[in-house]
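Worksheet: one structure, shown below.
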2 protein chains.
Amino acid sequence: MNQKNIATLVDVARRSGVSTATVSRFINTPEKVNKKTRDKVERAISELGYVPNFGARVMAAKRTNTIGAVIPTMENAIFARGLQAFQEGLHDHGFTLLVASSSYNPDIEEEQIRSLVARGADGLLLIGHDRNLKILEFLERHQIPTVAAWSLNPHSRIPSVGFDNLTAMRQIVDAALDYGHRHIGVISAHTKNNDRARERLNAVRLTLHERSVSPENLSIIETDYGVDEGSAAFEELIAQHPSLTAVICGNDVLAVGALKRARELDIRVPDQISITGFDDIEIGQVAFPSLSTVHVPHRAMGSAAAELLAKMITNSAPYRSVELHTSLVLRESLGPARTSVKS
Amino acid sequence: MNQKNIATLVDVARRSGVSTATVSRFINTPEKVNKKTRDKVERAISELGYVPNFGARVMAAKRTNTIGAVIPTMENAIFARGLQAFQEGLHDHGFTLLVASSSYNPDIEEEQIRSLVARGADGLLLIGHDRNLKILEFLERHQIPTVAAWSLNPHSRIPSVGFDNLTAMRQIVDAALDYGHRHIGVISAHTKNNDRARERLNAVRLTLHERSVSPENLSIIETDYGVDEGSAAFEELIAQHPSLTAVICGNDVLAVGALKRARELDIRVPDQISITGFDDIEIGQVAFPSLSTVHVPHRAMGSAAAELLAKMITNSAPYRSVELHTSLVLRESLGPARTSVKS
DNA sequence: TGTGGGTGTGTAAGCGCTTACATTTACTGG
DNA sequence: CCAGTAAATGTAAGCGCTTACACACCCACA
């Protein structure tokens with residue numbers, strides 16, 4: 001026992017009268033240990049309350065069965081569900097998940113990646129593809145199997161498990177245009193370092209262009225993530241552009257914020273203005289009016305990411321990106337454009 | 001370099017022409033290294049893309065600057081905000097947070113605790129006080145500073161950073177009674193292994209008792225966590241007990257589910273029935289009608305937990321529990337009891 | 001009885017770091 | 001010019017585990 005009063009493998013060996021090798025075998029490959037010996041060791045372990053030291057184990061064995069995930073934030077539900085599925089999938093493959101968050105800050109993300117690698121993560125889950133070459137090379141050098149989720153980028157050296165944000169967003173923009181909306185506002189998450197936000201925004205631009213709506217009829221605000229931010233952006237948008245008949249939001253949280261402020265301002269949705277989201281998280285279902293949005297298969301994405309990563313780690317197999325598909329969820333908040341500009 | 005092509009401290013030492021001790025010092029206490037040496041080492045490190053091996057480091061130094069948290073689930077917002085604050089607080093003290101989730105399963109929680117300890121966590125954040133003696137003794141034996149949040153229990157050997165769930169819940173039950181409600185339904189989270197849920201439920205029973213409302217006028221359903229579960233429970237409750245005028249929910253998510261189902265059933269809230277929540281998370285603000293609930297200072301709790309834990313780790317100081325206070329948030333979903341039993 | 005092949009165990013060499021202690025170097029003042 | 005001291009660096013002993021290899025046994029078979 002050391003000063004911290006923690007039993008080590010040596011203590012267990014001594015107490016049960018066997019060698020350290022046998023104790024180690026008992027822990028890792030019990031079937032290779034004689035039943036009688038097994039019982040002795042087992043008893044010693046429980047009497048001492050022994051727990052193998054993870055660090056020592058990793059050092060000696062070079063395998064951690066740990067995989068790390070770095071997500072932009074824990075403070076919202078967007079990643080929660082997918083992550084939960086990811087965790088469950090990993091668990092089935094015998095991996096433990098460790099989660100760290102980057103607060104949407106690339107430097108912190110890099111720090112977290114390094115920290116996870118230093119901790120011996122056998123693989124990594126990252127969100128999106130926006131990150132600098134240096135960290136990609138770092139991952140390659142360390143040969144850390146990595147997958148990027150919530151995004152799809154065939155040109156990245158990291159395989160994706162996700163959906164095409166551009167295509168996905170076009171679904172709902174098309175729907176809005178079909179409803180006759182021609183003056184459109186966008187509340188987007190910050191597009192810097194965020195390929196998801198950028199592609200969604202591009203989808204709006206592109207779709208309007210294709211359908212011959214002048215860029216002048218498009219007003220964009222980028223803002224931080226959050227309900228209150230969505231509310232503020234909404235108010236600003238309609239104050240400056242009273243002719244807007246639809247506000248497309250980059251995610252459900254912003255949309256719900258917009259919805260809330262609309263209600264506070266006595267603006268009827270969708271009669272006077274339509275509002276749409278993206279992600280299809282619970283908050284959109286319970287909002288009033290309920291939110292029309294783009295459904296993202298969060299759980300399927302998490303599971304698929306777990307599968308792929310497990311495969312990459314155990315087989316070192318050639319991998320392929322997994323594309324998932326989104327679908328339109330039309331609820332109440334999207335309706336026909338009002339015809340007169342004044343409400 | 002080993003087979004995995006990863007530079008070690010020895011490689012760095014060789015490349016920069018100094019000893020391993022110096023490299024180690026450069027990393028841990030750069031001020032003890034001569035400027036010129038520092039530059040050499042720095043260059044070697046960046047050329048090699050060296051990252052210290054965490055496991056080795058822990059083994060040699062016995063300190064990880066890591067603290068672990070085990071939360072019941074990632075799949076909801078209740079813990080997210082507090083955890084984010086916790087993480088930020090820890091970061092200021094130089095600690096890294098690792099999060100694991102237990103899916104509300106005590107066995108998994110225990111497994112996660114052990115895993116975190118084996119990984120060398122310097123401290124632990126747990127939710128609530130319900131856990132068996134064995135794991136508490138394990139933590140004591142390993143001398144792992146631990147705090148329990150979201151709950152308050154002066155009798156536990158683990159200090160708390162949280163609020164008294166009983167007192168907190170009484171606030172809103174009192175409010176409901178003040179509004180004249182005498183037939184009350186409760187949608188509670190499962191109370192097994194969950195002291196928060198149990199105390200909140202007790203609060204209802206106790207308050208009714210004190211205010212002379214017959215226990216027969218109280219109907220309780222326990223259910224899993226989730227919006228849909230809340231909806232189902234609500235429907236069941238009012239089907240079986242049409243005389244109910246208020247439904248008290250154990251948390252906001254269940255309450256929002258109830259709210260949603262009420263709307264779907266064309267039951268007007270609060271005119272025909274009142275619904276209350278607990279936690280004050282965003283979803284309650286955007287729900288319609290907006291949710292009357294009990295505000296929990298999530299961020300303050302997270303910060304306070306970080307402070308306390310940091311203090312316990314660095315000072316090994318005598319600690320004291322931190323009590324936080326909740327407050328009533330009266331929004332739209334709670335109103336006067338309807339007078340006629342039929343709507 | 002001798003040989004071959006399991007099975008079960010033990011011995012000991014690391015894994016990549018930190019750090020106590022020893023040594024060297026660079027100044028200082030007498 | 002040298003003892004004395006402080007600063008910088010090096011040497012080497014672990015930290016707690018895994019695992020290659022060696023060894024001891026036991027049984028079956030010839």
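What you see below is based on every heavy atom in this structure, not just the backbone, and it leaves out hydrogens, waters and symmetry mates. First the proteins, then the strands, lettered A, B, ... as listed; each starts at 1.
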Salt bridge (Lys or Arg N to Asp or Glu O under 4.0 Å) with B:Glu110: which residues, sequence neighbours excluded?
B:Arg114, B:Lys134

Which part of the nucleic acid, if any, lies within contact of B:Val58, taking any heavy atom under 4.0 Å across all strands shown: a base, the sugar-phosphate backbone alone, or nothing?
nothing

Starting at the 5' end of nucleotides 23-28 of chain C, put B wherever the base has a protein heavy atom under 4.0 Å, S where only the sugar-phosphate does, and a dash everywhere else.
------

Salt bridge (Lys or Arg N to Asp or Glu O under 4.0 Å) partners of A:Asp224, counting only residues at least two apart:
none

Pick out the pairs of N or O atoms, protein on one side and nucleotides 10-14 of chain C on the other, that lie under 3.5 Å.
| from | atom 1 | to | atom 2 | distance (Å) |
| --- | --- | --- | --- | --- |
| C:dG10 | OP2 | A:Ser19 | N | 2.8 |
| C:dG10 | OP2 | A:Ser19 | OG | 3.1 |
| C:dG10 | OP2 | A:Thr22 | OG1 | 2.8 |
| C:dG10 | N7 | A:Arg25 | NH2 | 3.3 |
| C:dG10 | O6 | A:Arg25 | NH2 | 2.5 |

Hey, are A:Asp122 and A:Thr64 close enough side-chain-wise for a donor-acceptor pair under 3.5 Å?
yes

Using five pairs at either end of the helix from C:dT1-D:dA30 to C:dG30-D:dC1, determine the angle between the two local helix axes and round it to 10 degrees.
40°

Would B:Asn28 and B:Arg57 count as a side-chain hydrogen bond (donor to acceptor under 3.5 Å, both in side chains) here? Give the steps.
CA-CA 11 Å; B:Asn28 298 293; B:Arg57 208 162 169 181; 3.1 Å; yes

With sequence neighbours excluded, what pairs up with A:Phe138 under the ring pair (Phe, Tyr, Trp, His ring centres under 6.0 Å) test?
A:His142

Expressed in angstrom and rounded to an integer, what is the separation of B:Lys36 atom NZ from D:dA7 atom C1'?
15 Å

For residues 40-49 of chain B, which side-chain N or O atoms pair as donor and acceptor with protein atoms under 3.5 Å away, sequence neighbours left out?
| from | atom 1 | to | atom 2 | distance (Å) |
| --- | --- | --- | --- | --- |
| B:Ser46 | OG | B:Arg43 | O | 3.4 |
| B:Glu47 | OE1 | B:Arg15 | NE | 2.8 |
| B:Glu47 | OE1 | B:Arg15 | NH2 | 2.8 |

Ignoring the backbone of B:Ala61, work out which of D:dT18, C:dG8, C:dT19 is nearest its side chain.
C:dT19

Nearest to the side chain of B:Ala56 - D:dT18, C:dC17, C:dG8?
C:dC17

Is there any ring-ring contact (aromatic ring centres under 6.0 Å, His included) pair reaching into residues 60-106 of chain B, and which pairs are they, with sequence neighbours excluded?
B:Phe79-B:Trp150

Between A:Met59 and B:Asn34, which has a closest nucleotide on DNA chain D that is more 5'?
B:Asn34

Contact class for A:Val33 (heavy atom, under 4.0 Å): base, sugar-phosphate, or nothing?
sugar-phosphate

Length of the line joining A:Lys40:NZ and C:dG8:C1', which is rounded to integer Å
11 Å

Residue pairs meeting salt bridge (charged side-chain N to carboxylate O under 4.0 Å, His left out), one or both in residues 23-33 of chain B, sequence neighbours left out, come to none

Is B:Tyr50 touching bases, backbone alone, or none of the nucleic acid, heavy atoms closer than 4.0 Å?
sugar-phosphate

Sorted by chain and number, sequence neighbours left out, side chain to side chain donor-acceptor pair (under 3.5 Å) with B:Ser16 holds for none

Nucleotide nearest B:Asn28 (side chain, heavy atoms from C-beta), chosen from D:dC15, C:dT18, D:dT18
C:dT18

Does A:Tyr50 have any side chain to side chain donor-acceptor pair (under 3.5 Å) partners at least two apart in sequence or in another chain, and if so, which?
none

Phosphate OP1/OP2 of C:dG16: any B:Thr8 side-chain N/O under 4.0 Å:
no

Going by salt bridge (Lys or Arg N to Asp or Glu O under 4.0 Å), name the residues that satisfy it together with A:Lys36, two or more places apart in sequence or in a different chain.
none

With the side chain defined as heavy atoms from C-beta on, B:Asn53 is closest, among D:dC17, C:dC17, C:dG8, to C:dC17

Of the listed D:dC17, D:dT18, C:dT18, the closest approach to the B:Arg57 side chain comes from C:dT18

Salt-bridged, A:Asp195 to A:Arg198, with N to O below 4.0 Å?
no

